[in-house]
Amino acid sequence: MAREQIDQYEDELEKIDIMGVLHDLGRAFRKYFWAVLLIVLLCGGGSTFWSWKTYSPVYEAYTSFVVKSGRAYTSSYYDNASAEQLGKTFPYIVTSGVLRDVVAEDLGVGWVSSYIRAEAMEGTNLFTIYVQDGSPERAYEVLQSVIENYPQVAEYIMGSTSLTIVDESGVPVSPINQRNLTRAAAKGVLLGMVISFVLLLVYVTQRKTIRQGDDLKRLTGTKFLGNIPETRIKKRSNLKGQTLLVDNLKVSSAFKESVRLMRSRVEKELAVMDGKVILVTSAVPEEGKTTVAANLALAFAKKDKKVVLIDGDLRNPSVVRALGLKDVKYGLVQMLQGKAEFEDTMIPYKSTDLLVLPGTTTTSNPFSLIRSARMREVMRQLKDYADYIVIDTPPSAMLSDTSAYSDYADAVVLVVRQDFTGAHQVQRALENIADAGIPMVGYVLNRVLEGTTGYGYSSYGRYGYRRSGYGYGYGYGYGKYGYGKNGYGYGYGESEEKRKGKKKSEQSEESEEPKA
């Protein structure tokens with residue numbers, strides 16, 4: 001895949017889609033809910049603590065008075081022009097450094113730290129002086145000193161003046177800045193919400209993942225095989241676990257329909273290629289490729305085809321869990337190492353025409369086993385027997401094991417999990433597949449969530465979001481590769497009685513060709 005295609009695709013992803021961004025923000029919020037909650041709580045608690053720790057009460061004393069000139073005046077002295085001039089001059093004098101020095105000397109202190117301000121009622125000679133300080137007594141003392149010494153300072157500018165007090169506060173009894181921890185907590189919570197929103201916005205805008213089938217089609221240039229919806233299995237059952245398979249009564253009809261649609265399209269492509277051996281792979285772990293491989297094989301078997309499902313992931317086999325098989329003694333590794341016979345390894349799946357070549361143990365050198373003469377003989381025998389052979393292989397972007405099957409495979413199906421796999425990861429997987437010379441059948445967009453912006457899966461109704469018990473689980477179980485955690489989330493199969501009870505209805509469903 002040319003680098004230019006990837007760069008062009010990422011440029012398209014960078015174009016802002018408001019509804020898409022909002023949808024992704026909602027999903028990111030659900031995914032990182034506890035982290036968001038922690039940020040909000042830390043900001044709210046921090047703001048509350050800081051407010052409590054740094055709180056300092058402020059007391060305000062004030063006096064309202066009338067300023068009069070000490071000389072005789074005519075009736076025009078207090079006209080509007082004079083009052084306006086006095087209104088501008090008085091606040092300047094009160095807050096001047098000269099008056100502060102006089103007040104400091106009067107009180108016997110080196111510096112007046114109190115905050116002093118003056119206000120004038122427009123068009124009159126009525127003024128108010130305010131003094132704020134951390135001590136109510138000091139605020140009142142400074143106020144009284146200002147009133148007493150103001151005429152002395154104003155005499156140099158305005159001549160002789162006198163102050164007639166009309167109202168005063170006295171010594172203040174309560175601070176003007178009441179402690180309000182609730183308000184501080186609310187500010188902190190709001191700050192935490194803003195920080196969380198910014199972090200989530202950066203997260204969703206920087207993610208260059210595959211979100212819908214058209215994204216992957218533009219990237220790969222290969223055919224789209226369909227969406228597999230995110231599906232959960234109802235827990236109204238006495239069984240401890242459930243398999244996410246098309247023969248499970250608890251699985252939704254939409255999931256089954258999507259698998260049948262995928263099978264139909266793969267079948268048509270294989271007919272054109274005249275092939276029967278299909279590799280199912282993904283770019284990275286946790287994309288659900290094993291579940292897709294198991295359901296594809298089972299869907300072929302339900303159409304009266306002879307099918308073999310091979311667990312080709314020799315580093316971390318998972319088909320046994322996906323199918324809910326129990327008491328499996330031998331696997332592919334033992335057979336290739338000569339520790340088990342071919343007949344003892346093959347397991348029929350229930351009453352279908354599906355044979356399973358499972359994996360039970362791992363190996364650190366899968367390439368040599370896959371390329372061995374024994375494996376070639378096994379594949380020759382299986383091709384003579386089966387109509388289709390489905391091989392579940394490791395992630396192609398991280399391991400080269402998939403290329404080891406190039407001599408046996410006719411085609412590859414790539415599984416991509418929605419809004420999980422990056423464009424460059426898909427590119428690496430496609431490059432590895434192309435280097436192996438294996439034709440690409442197409443791709444499947446897996447674990448598609450329902451949405452209203454074109455990013456989700458809306459054809460089959462509501463499926464819910466990721467929770468425990470949704471069938472796929474959260475971990476692919478690649479702990480043996482040196483990363484990830486074991487945790488498949490598949491469980492075990494349904495009871496034989498229930499399976500028999502539904503066999504007849506499933507046969508009728510299979511007779512209906514799905515709509516493309």
Side-chain angles (χ1 to χ4, degrees), residues 1 209-231 244-246 251 253-284 287-303 305 307 309 322 387-393 395-397 402 409-421 423 425-427 429-430 433-434 438-449 454-460 463 472 510 512-516:
M1 181 61 57
T209 57
I210 307 302
R211 302 179 182 180
Q212 54 186 344
D214 290 342
D215 294 341
L216 195 57
K217 188 174 183 178
R218 289 194 298 268
L219 178 64
T220 64
T222 57
K223 294 187 177 180
F224 179 47
L225 301 177
N227 293 325
I228 304 295
E230 176 89 350
T231 306
L244 190 58
L245 298 172
V246 292
V251 174
S253 59
F255 179 86
K256 297 176 183 179
E257 178 68 16
S258 66
V259 171
R260 287 195 290 268
L261 177 60
M262 173 186 63
R263 177 208 63 197
S264 177
R265 291 175 174 176
V266 170
E267 188 175 20
K268 291 178 181 178
E269 293 301 316
L270 289 177
V272 174
M273 298 178 178
D274 192 25
K276 64 168 60 178
V277 182
I278 315 152
L279 298 185
V280 178
T281 188
S282 61
V284 296
E287 297 196 72
K289 65 176 181 57
T290 302
T291 298
V292 173
N295 279 283
L296 178 60
L298 188 55
F300 275 127
K302 283 180 168 291
K303 209 176 177 187
K305 302 293 184 180
V307 186
L309 173 61
D387 297 310
Y388 295 104
I389 300 175
V390 179
I391 306 177
D392 176 38
T393 63
S396 298
T402 301
D410 298 317
V412 175
V413 171
L414 181 67
V415 178
V416 179
R417 178 175 168 182
Q418 184 191 43
D419 198 21
F420 182 83
T421 311
Q425 293 171 320
V426 174
Q427 179 199 18
L430 292 173
I433 294 171
I438 311 173
M440 176 70 69
V441 171
Y443 54 89
V444 176
L445 191 61
N446 193 31
R447 300 187 65 170
V448 178
L449 295 175
Y455 291 98
Y457 184 92
S458 58
S459 301
Y460 296 105
Y463 298 104
Y472 284 94
E510 289 296 320
E512 300 177 4
E513 184 67 20
K515 296 180 181 180

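Residues Met273 and Pro439 form a side-chain contact, since some pair of their non-hydrogen atoms from C-beta on lies under 4.5 Å apart. Between Leu414 and Val444, the closest side-chain pair of non-hydrogen atoms is not below 4.5 Å. Using a 4.5 Å heavy-atom cutoff, the side chains of Phe420 and Asn446 are not in contact. Residues Val280 and Ile391 have side chains not in contact (no heavy-atom distance under 4.5 Å, counting atoms from C-beta outward). The shortest side-chain heavy-atom distance between Leu225 and Tyr443 does not fall under the 4.5 Å cut-off. Contact of the Gln418 side chain with the Val448 side chain is registered, since non-hydrogen atoms from C-beta on lie closer than 4.5 Å. You'll find the side chain of Met262 stays beyond 4.5 Å of the side chain of Asn227, heavy atoms only.
The structure places NZ of Lys223 at 3.5 Å from CD of Glu269, a figure rounded to the nearest 0.5 Å. The distance from atom CD1 of Ile278 to atom OG1 of Thr393, rounded to the nearest 0.5 Å, is 12.0 Å. The CD atom of Glu267 sits 10.0 Å away from atom CG of Leu296, with the distance rounded to the nearest 0.5 Å. Interatomic distance, OG of Ser258 versus CG of Leu445, reported as 11.0 Å (0.5 Å rounding). Between atom CD1 of residue Ile228 and atom CD of residue Glu257 there is a gap of 10.5 Å, rounded to the nearest 0.5 Å. Taken from CG in Leu270 to CZ in Arg263, the straight-line distance is 12.5 Å, to the nearest 0.5 Å.
Applying the side-chain contact (heavy atoms from CB on, under 4.5 Å) test between Ser396 and each of Val426, Leu279, Thr281, Ile438 identifies Thr281 as the sole match. Between Lys256 and the options Leu245, Val246, Thr231, Leu261, a side-chain contact (heavy atoms from CB on, under 4.5 Å) holds for only Val246.
A salt bridge between Glu287 and Arg447 is absent, with no side-chain N of the basic residue lying under 4.0 Å from a carboxylate O of the acidic one. A salt bridge between Lys276 and Asp387 is absent, with no side-chain N of the basic residue lying under 4.0 Å from a carboxylate O of the acidic one.
Residues satisfying the side chain to side chain donor-acceptor pair (under 3.5 Å) criterion with Gln425, sequence neighbours excluded, are absent altogether.
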_Step-by-step side chain to side chain contact (heavy atoms under 4.5 Å, CB included) determination, Val277 to Tyr388_ = CA-CA 6 Å; Val277 182; Tyr388 295 104; over 6 Å; no
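Nearest heavy atom pair, residue Val307 against residue Ala297, reads CG1-O, 3.7 Å. Shown here for Lys289 and Ser282, the closest heavy-atom pair between the two residues is CD-OG, 3.4 Å. Here the closest non-hydrogen pair linking Leu309 and Ala294 is CD2-CA, 3.9 Å. When all heavy atoms of Met440 and Val412 are compared, the pair lying nearest together is SD-O, 3.4 Å.
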